[in-house]
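Scroll down for the structure; my scribbles are underneath it.
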2 protein chains.
Amino acid sequence: MATEAVENYLKAILTLSQESDAADATITRIAAVVGVTPSTATTMVKRLDRAGLARYERYGAVRLTAKGRRAASDVLRRHRIVELFLVQIVGLDWSEVHAEAERLEHAISPRLLDRLDEMLGRPRSDPHGDPIPDADGRSDHARPGPITACAPGAHAAVARVLDQGAEFLQFLARAGLTPGTRVAVVAIDSIAGSITLKPEGRTALTLSLPVAQRILVTPAF
Amino acid sequence: MATEAVENYLKAILTLSQESDAADATITRIAAVVGVTPSTATTMVKRLDRAGLARYERYGAVRLTAKGRRAASDVLRRHRIVELFLVQIVGLDWSEVHAEAERLEHAISPRLLDRLDEMLGRPRSDPHGDPIPDADGRSDHARPGPITACAPGAHAAVARVLDQGAEFLQFLARAGLTPGTRVAVVAIDSIAGSITLKPEGRTALTLSLPVAQRILVTPAF
DNA sequence: TCTAGGAGTTTGATGAGTCAAACATTCCGC
DNA sequence: GCGGAATGTTTGACTCATCAAACTCCTAGA
Ligand SMILES: [Mn+2]
Ligand SMILES: [Mn+2]
Ligand SMILES: [Mn+2]
Ligand SMILES: [Mn+2]
């Protein structure tokens with residue numbers, strides 16, 4: 001089994017390379033996600049290479065091997081199932097489960113994971129709308145787009161939120177912008193850099209475009 | 001926060017010194033419980049001393065300080081609440097939760113722990129009958145005794161099982177010897193070194209005395 | 001094309017955690 | 001009370017994970 005640190009790096013590399021839009025998994029970015037200095041990340045990435053989990057060449061982007069991708073996928077699966085379990089069964093708030101899952105993801109056995117998965121009815125996404133890779137490491141490919149790409153007047157359903165920050169999540173919940181909610185795009189003001197949204201059954205609110213970009217939606221009718 | 005290793009040592013020292021009957025927490029015993037060599041345990045116990053968590057003198061028994069006892073108590077509380085949660089809510093078998101809790105006990109936040117404790121109704125003992133220290137670190141003092149100390153013909157209730165081994169626990173469950181069950185002591189043969197028990201509603205069975213000693217009971221009527 | 005500053009690397013250090021092997025002490029059984 | 005077995009300690013070595021500081025490389029803009 002990989003150490004806790006190795007699992008965290010793998011997860012960081014996977015999310016950087018496949019979740020962020022075309023952003024390479026560079027040393028500095030990996031370091032930022034994991035929360036270490038770039039020199040530390042360089043050292044660790046070399047270890048991942050030696051272990052056959054990643055490919056690394058000096059000054060180049062880091063890529064996972066099939067083995068590394070598989071291992072990273074497993075960590076992501078554990079993380080997200082744990083998050084959903086904590087919200088659904090234990091009753092924690094969606095703003096606090098990320099930090100909790102960050103540690104628990106390393107301590108869950110396959111047996112326990114499967115039990116949680118079963119209790120939750122084999123879910124496909126976590127409380128933030130992040131897709132849960134299946135037990136074979138395959139992940140959903142349907143990618144929702146940022147609400148800022150919607151035309152004014154359009155309706156959409158919140159699919160996913162790309163920011164795990166507790167305050168942001170609490171703000172969204174108060175505004176009614178949680179995954180599954182229908183929302184109308186009232187107006188987009190590119191000069192002011194703002195977007196006005198009206199979640200179904202709630203009062204309208206205005207967000208800055210960079211912030212709103214972290215809210216992904218699927219078109220609705 | 002203490003590291004995972006430190007927490008494991010603290011827990012080992014606490015259980016050795018207060019759970020086992022008058023058995024000192026010696027280096028070799030600590031090493032055996034934690035699963036390391038005695039030389040490693042020596043090194044670590046010195047660190048615990050430096051950190052103010054234990055008192056250590058060469059060739060002497062290791063004792064926890066108040067601070068160390070408190071920290072160890074917290075680990076034990078987490079361990080046992082997690083075990084009960086896994087049996088009661090998640091539905092795992094009492095023979096598999098110990099290994100699981102051994103890792104999870106280091107990854108549970110105070111917030112999550114309290115939530116689990118609340119879901120379980122503030123329990124006082126875990127699936128094996130081990131007492132759960134309260135949030136202030138205090139632990140039950142009522143100590144049940146080994147069933148081997150009962151007089152032949154006596155009735156008792158299983159209170160606690162001192163062996164976390166999966167096979168032993170599965171055996172006990174099949175025999176009907178789980179905490180809370182009433183059991184009659186049919187006979188004790190000190191020559192053969194065996195004891196015959198009849199759990200309520202089950203068929204009688206014979207155990208060796210050393211094995212039976214790990215089953216603690218409270219007298220019943 | 002040159003170059004400044006950002007990105008990445010190397011080096012040297014540290015602490016945690018571990019082991020094996022050699023050594024020291026303690027404690028029992030005779 | 002002695003000597004060997006059990007127990008505990010020290011030493012030297014190793015991996016993992018991390019940082020700061022000094023260095024190197026790369027590239028985008030002047
Ligand atoms: Mn993590
Ligand atoms: Mn999530
Ligand atoms: Mn543990
Ligand atoms: Mn237990």
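Quick note on labels: first sequence line is chain A, next is B, and so on, each numbered from 1.
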How do B:T26 and A:A5 order along DNA chain D: which one's closest nucleotide is nearer the 5' end? B:T26
Comparing nearest nucleotides in DNA chain D, the 5'-proximal residue of the pair A:G35, B:T40 is B:T40
Which residues in residues 65-76 of chain B have at least one heavy atom lying under 4.0 Å from any atom of DNA chain D? none
Are A:R115 and A:E118 within salt-bridge range, i.e. N to O under 4.0 Å? yes
With sequence neighbours excluded, residues passing ring-ring contact (aromatic ring centres under 6.0 Å, His included) with A:H106: none
Go through [options] for me and flag the one nearest to the [X] side chain.
X     : options               : value
A:Y9  : D:dT18, D:dT9, D:dA17 : D:dT18
A:T28 : C:dA7, C:dA20, D:dC19 : C:dA7
B:T37 : C:dT9, D:dT10, C:dC19 : C:dC19

Pairs satisfying salt bridge (charged side-chain N to carboxylate O under 4.0 Å, His left out), at least one member in residues 85-99 of chain A, at least two apart: A:E96-B:R111
To 10°, what angle do the rotation axes through the five end pairs on each side of the helix from C:dT1-D:dA30 to C:dC30-D:dG1 form? 0°
Those residues of residues 100-108 of chain A lying under 4.0 Å from DNA chain C by at least one heavy atom: none
Strand-adjacent residues in residues 43-61 of chain B, judged by heavy atoms under 4.0 Å from DNA chain C: B:T43, B:M44, B:R47, B:Y59
